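Since the structure is predicted, the reported quantities are computational estimates derived from the model, not experimental observations. Chain letters run A, B, ... following the sequence lines, proteins first and then strands; every chain starts at 1.
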Amino acid sequence: GDKVKQSPSALSLQEGTNSALRCNFSIAATTVQWFLQNPRGSLINLFYLVPGTKENGRLKSAFDSKESYSTLHIRDAQLEDSGTYFCAAEGPNTNKVVFGTGTRLQVLP
Amino acid sequence: NAGVIQTPRHKVTGKGQEATLWCEPISGHSAVFWYRQTIVQGLEFLTYFRNQAPIDDSGMPKERFSAQMPNQSHSTLKIQSTQPQDSAVYLCASSSDRVAEQFFGPGTRLTVL
């Protein structure tokens with residue numbers, strides 16, 4: 001089932017613009033991870049979050065466990081940001097994570 | 001730190017043959033996870049081990065699939081009598097005791113003809 005819903009499913013951005021990706025959870029998520037899957041297929045760790053926010057360069061992420069969602073903000077998008085972004089939620093009493101369906105991002109020059 | 005190592009990177013088998021996929025977790029990590037990625041199903045959890053003990057195999061197909069972790073430095077995923085629908089990228093991840101953040105290997109692309 002759709003325990004982790006990601007939106008949008010696809011997105012095109014002009015270089016230098018900003019955007020936000022979102023994950024909504026129907027499970028009681030305790031932690032959230034965000035990954036970028038590059039064109040070679042490798043999953044690159046972006047953020048690991050307990051409830052709260054983190055920032056790393058042009059990326060910022062927030063996780064609200066009470067409202068059951070997480071966001072990933074991309075500022076000043078660059079061509080190398082292109083790829084598929086996945087969020088993954090860890091439920092209570094388990095270490096396995098449930099992945100969202102991904103957001104395919106294309107940054108255009 | 002070499003990260004999670006998976007071998008082979010690509011494997012092609014004929015229908016009915018056996019496939020064994022290998023994963024070497026990051027040194028010192030106590031948990032190893034297996035996932036499968038397809039276009040249709042996305043990223044699906046298969047099974048995981050902690051300190052070499054199987055913890056949760058709820059995502060494993062009931063037949064033909066098995067996973068083992070004989071020592072702390074490697075885990076294997078074995079698929080017997082492979083079928084075309086087993087074609088996928090199989091991903092292995094590991095995490096430490098202190099922090100549950102998972103780090104993924106490059107995956108093994110299995111193609112069953």
Colleague: Other residues, nucleotides and ligands only: do more than 12 of their heavy atoms fall within 6.0 Å of CZ on B:R109?
Modeller: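 No, CZ of B:R109 has 12 or fewer neighbouring heavy atoms, counting only those of other groups under 6.0 Å.
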Colleague: In terms of heavy-atom pairs under 4.5 Å, which option from B:A100, B:G59, B:A93, B:P106 contacts chain A the most?
Modeller: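 When all of B:A100, B:G59, B:A93, B:P106 are compared, B:A100 has the most.
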Colleague: Among A:W34, A:Y69, A:Y85, exactly one meets side chain to side chain contact (heavy atoms under 4.5 Å, CB included) together with A:C23. Which residue is that?
Modeller: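 Single pass found, and it is A:W34.
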Colleague: Under the ring pair (Phe, Tyr, Trp, His ring centres under 6.0 Å) test against B:F104, which residue among B:Y35, B:W34, B:F33 passes?
Modeller: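 For B:F104, the ring pair (Phe, Tyr, Trp, His ring centres under 6.0 Å) check succeeds only for B:Y35.
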Colleague: Less than 4.5 Å to any heavy atom of chain A: does that hold for the side chain of B:I55, its backbone, both, or neither?
Modeller: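 Contact with chain A involves no heavy atom of B:I55 at all.
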Colleague: Is B:D56 salt-bridged to A:K96, cutoff N-O under 4.0 Å?
Modeller: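 A:K96 and B:D56: salt-bridged.
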Colleague: Does one side chain, of B:Q37 or A:Q37, offer a donor that lies under 3.5 Å from an acceptor on the other?
Modeller: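 Judged by distance alone, the side chains do pair up.
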Colleague: As an exercise: rank A:L43, A:T101, A:N45 by heavy-atom pairs under 4.5 Å with chain B and give me the winner.
Modeller: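 Maximum pair count with chain B is reached by A:N45.
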Colleague: Is it the side chain or the backbone of B:R50 that comes within 4.5 Å of chain A heavy atoms, both, or neither?
Modeller: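 Contact with chain A: side chain only.
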Colleague: Check each atom of B:S95 against the heavy atoms of chain A and say whether the ones under 4.5 Å are side chain, backbone, both or neither.
Modeller: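 It is neither, since no heavy atom gets under 4.5 Å.
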